[in-house]
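As structure tokens, the structure follows; a few thoughts come after it.
The structure displayed is predicted, hence computed values, not measured ones. Residue numbering restarts at 1 for every chain, and letters A, B, ... go by the order of the sequence lines. Just the heavy atoms: all of them, side chains too, but no hydrogens, waters or symmetry mates, feed the values below.
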Protein chains: 2
Amino acid sequence: MSTTPARRPGGRSAKVRDAVYTAVGQLMGEGKADRITIPLLANRAGVNPTSIYRRWGDLDTLLEEVAVAALTKDGDDLPDTGSLRGDLSAWARIVIDDITQPRRTRYLRAMTSARDEVLTCPCWEQRRTQAKVMLDRARARGEQAPTEQQVLDHVIAPMYHHVVFGLAADRDYADQLVHDVITMA
Amino acid sequence: MSTTPARRPGGRSAKVRDAVYTAVGQLMGEGKADRITIPLLANRAGVNPTSIYRRWGDLDTLLEEVAVAALTKDGDDLPDTGSLRGDLSAWARIVIDDITQPRRTRYLRAMTSARDEVLTCPCWEQRRTQAKVMLDRARARGEQAPTEQQVLDHVIAPMYHHVVFGLAADRDYADQLVHDVITMA
DNA sequence: AGCTTAAAGCAAAGACTTCTGCAATAATGG
DNA sequence: CCATTATTGCAGAAGTCTTTGCTTTAAGCT
């Protein structure tokens, strides 16, 4: 990705990394999230376990890395419906649909176990950026709008909370949250 | 706990269970949350590993059980300040102080990894009950009050979310959330 | 193209975890 | 108080994960 002097991110390393990432994704998808071990992963990836031990050290580090990669790679372009409520509602639905997929849910949970006193994470920064775009547009139209932080706290956080702790979360729930945060403005 | 015909919850089993619970608490407190193993736990508890294997089967089951036990055992009596804002603010501070303790945080994270498609949990039910008491009091005084669900979604959920994902969470943050949810009513 | 060396593969040793009989202990019921 | 039997302790076996030193491969540079 950048000019690293003594590193070799070239074809071979990348190949191994991709194979391992893919293997993690597969095993997660098969519901074996909590029975993943390094030898199992290595076998699935067609890679030597030693390579994983040396590159990532332990399983948590690897899972964290894969989780962040998976959760920040969004292809969704932001909705632009002409009203803040419409935008947030559509966005919240996209997000809830995304994170309730079993594989994504497992990634989220993997993130929590690996985490220790990290003050920021690409995932939330991404959501914040997305929120900002929609809020700025709304303000430009002269609409009353909540702050970015309020959107994160009252729409994003409750949804993630529900998903991570295994509580019910669907589109109606997302709509309700958007309604509440609009009321707040 | 109940009239189980063929079980023996008598002194000895209880002793072992308590020893194991205590050992889990100790190791959690020492920051070795993710390096806990059954043999390690058994050694600390002065119990034979076999006993743990036979009673709980695997580590996740045990940790989940301990986590729920720890997180639902509150001794805090609810604040009664005379106003809803005062009550919620004091309560939110109690909660945030509680769950930001390293040991509690680890319990919370343990809960997420063990969880799979559980739709309800004693922890949230307890918070809901607490919220209901304060909201009923407020309504009896004629105050405008949000719903229980709103309190859970917009005060409790964001705090837990922050804690679980390692984001900053302090009393000022709790106050802000209470302010927002009051605005909503 | 040839050289250097970061990174992966290989294999065997070591450590740890988990399981399985059998013996010992003590909680319940008569 | 005695008999029953749920539950724990013990020890050894089996299986799995992790580490380590060395060899092989190929990316980056001149």
**Asked** Quick one: do A/R44 and A/E30 make a salt bridge, cutoff under 4.0 Å?
**Response** yes
**Request:** Send over the distance from A/L59 CG to D/dT18 P, rounded to a whole Å.
**Result:** 8 Å
**Prompt:** Are A/D153 and B/Y173 close enough that a side-chain donor and a side-chain acceptor fall under 3.5 Å?
**Reply:** yes
**Item:** Interatomic distance, A/I36 CD1 vs D/dC17 C1' [rounded to whole Å]
**Value:** 15 Å
**Message:** Among D/dG9, D/dA27, C/dC10, which nucleotide has an atom closest to any side-chain atom of A/R12?
**Reply:** D/dA27
**Request:** Establish, with yes or no, whether the OP1 or OP2 oxygen of C/dC19 is under 4.0 angstrom from a side-chain nitrogen or oxygen of B/Y53.
**Result:** no
**Request:** Specify the separation, in whole Å, of atom CG of B/L41 and atom C1' of C/dC16.
**Result:** 15 Å
**Request:** For B/R35 and D/dC17, give me the distance from atom CZ to atom P, rounded to whole Å.
**Result:** 19 Å
**Message:** Please report the distance, rounded to the nearest Å, between CG in A/N48 and P in D/dT25.
**Reply:** 14 Å
**Asked** To the nearest Å, how far apart are A/R55 CZ and C/dG9 C1'?
**Response** 14 Å
**Prompt:** Could you state the CD1-C1' distance from A/I38 to C/dC16, rounded to the nearest angstrom?
**Reply:** 15 Å
**Between B/Q176 and B/D172: side-chain donor-acceptor atoms closer than 3.5 Å** = no
**Residues A/D18, A/K15: salt bridge by 4.0 Å N-O rule** = no
**Message:** Any base atoms under 4.0 Å from B/T37, or only sugar-phosphate, or nothing? Heavy atoms, all strands.
**Reply:** sugar-phosphate
**Fill in**
Here the distance between atom C1' of C/dG21 and atom CZ of B/R54, to the nearest Å, is 9 Å
**Asked** When all nucleic acid strands are considered with a 4.0 Å heavy-atom cut-off, which category describes B/T50: base, sugar-phosphate, or nothing?
**Response** base
**Request:** Respond yes when some side-chain nitrogen or oxygen of A/S13 is under 4.0 Å from OP1 or OP2 of C/dA7, and no when none is.
**Result:** no
